[in-house]
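Working notes, beginning with the structure itself.
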Amino acid sequence: MDLLVEVFVMDAVSGITPLALCNIEITEFGSLITDENGNALTKDSFTPEVKANEFITSVNDRATINFGNIKNSATVGGPDFTDSTIKILFDVSLIPNPAYLNDTAIVTAGAEYDSNNYVWVSQASYTFDMNPGYSYPTLIDITGPDAGAPYSGATFNITAIITDPIGPFL
């Protein structure tokens, strides 16, 4: 049976995204899942294909993992599904995007299997406020020697508070 998994965070209609999809990885792959010929597979047998948003190309907003044709040799009704489980983890981060006018974002994960005869979809919605009503103080402090000898090195310490870590995305 073929299996394709997709995760996306952009608006399905407009393609505009308020979120970035990060760090998608297969963390567990059951030992009873094999290829169609019964050969062993591991989580390292597959690589997620991560795709950039069409409007903000520095932000990834969807990913697919094509598992191809696989078999699960577990006994139906068995007490433990650990050896028959594929676990995929990912992070999402809110990004400043003035083109996204809603205050709710949706994260969607889905799977198509058995030649697209079956589809499983799950969604979670998140409400956010891009104007949280607080600010961080700006602090950059550089300490080191006032002068140095020609052709010699010096050590400087830089202490900084980054107030807008997602600003460069736009």
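- With contacts defined as side-chain heavy-atom distances shorter than 4.5 Å, the pair Leu3/Ile86 qualifies.
- Scanning all heavy atoms of the two residues, the minimum distance from Val107 to Tyr126 falls at CG2-CE1, 3.7 Å.
- For the atom pair OG of Ser45 and CG of Asn39, the computed distance is 10.0 Å after rounding to the nearest 0.5 Å.
- A distance of 11.5 Å separates CE of Met10 from CG of Asn60, quoted to the nearest 0.5 Å.
- How far OG1 of Thr42 is from CZ of Phe29: 7.5 Å, rounded to the nearest 0.5 Å.
- Cluster annotation: Val119 and Ile65 are assigned to distinct hydrophobic clusters (Ile/Leu/Val/Met/Phe/Trp/Tyr, side-chain heavy-atom contacts under 4.5 Å, transitive).
- Listed by first and then second residue, the ring-ring contact (aromatic ring centres under 6.0 Å, His included) pairs that reach into residues 83-109 come to none, sequence neighbours excluded.
- When atom types are taken as modelled, the side chain of Arg62 and the backbone of Ala52 share a donor-acceptor pair closer than 3.5 angstrom.
- Side-chain contact between Ser115 and Asp2: present, with at least one pair of heavy atoms (C-beta onward) separated by less than 4.5 Å.
- Put simply, CE on Met1 and CD1 on Ile70 are 6.0 Å apart, with the number rounded to the nearest 0.5 Å.
- In this structure, Asp83 and Ser31 have side chains that are in contact, with non-hydrogen atoms separated by less than 4.5 Å.
- Closest heavy-atom contact between Thr104 and Ser125: CG2-CB, 3.8 Å.
- Between Val92 and Leu21, the closest side-chain pair of non-hydrogen atoms falls below 4.5 Å.
- In this structure, the side chain of Thr17 engages the main chain of Leu19 through a donor-acceptor pair within 3.5 Å.
- Distance alone, capped at 3.5 Å, is enough to place a donor-acceptor pair between the Asp11 side chain and the Ser14 backbone.
- Taking OH of Tyr113 as the reference point, atom CH2 of Trp120 lies at 10.0 Å (rounded to 0.5 Å).
- Lys43 NZ to Ile88 CD1: the interatomic distance, rounded to the nearest 0.5 Å, is 12.5 Å.
- Counting all heavy atoms, side chain and backbone alike, Ile26 lies closest to Phe46 at CD1-CB, 3.7 Å.
- Residues Phe128 and Val9 share a hydrophobic cluster, clusters being chains of Ile/Leu/Val/Met/Phe/Trp/Tyr side chains in contact below 4.5 Å.
- Contact of the Ile56 side chain with the Ile95 side chain is registered, since non-hydrogen atoms from C-beta on lie closer than 4.5 Å.
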Using the rule given for side chain to side chain donor-acceptor pair (under 3.5 Å), can you reason through Thr64 versus Glu6, listing the C-alpha separation, both sets of side-chain angles and the distance that settles it, and then say yes or no? CA-CA 4 Å; Thr64 57; Glu6 182 174 15; over 6 Å; no

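- Residue Asn53 comes nearest to Gly15 through the heavy atom pair ND2-O, 2.8 Å, listed as atom of the first residue, atom of the second, then distance.
- Closest of all the heavy-atom pairs between Pro18 and Ile16 is CD-O, 4.1 Å.
- Leu32 and Leu41 are not part of a single hydrophobic cluster, where members link through side-chain heavy atoms under 4.5 Å apart.
- Under a 3.5 Å cut-off, the side chain of Asp35 and the backbone N or O of Asn69 do not form any donor-acceptor pair.
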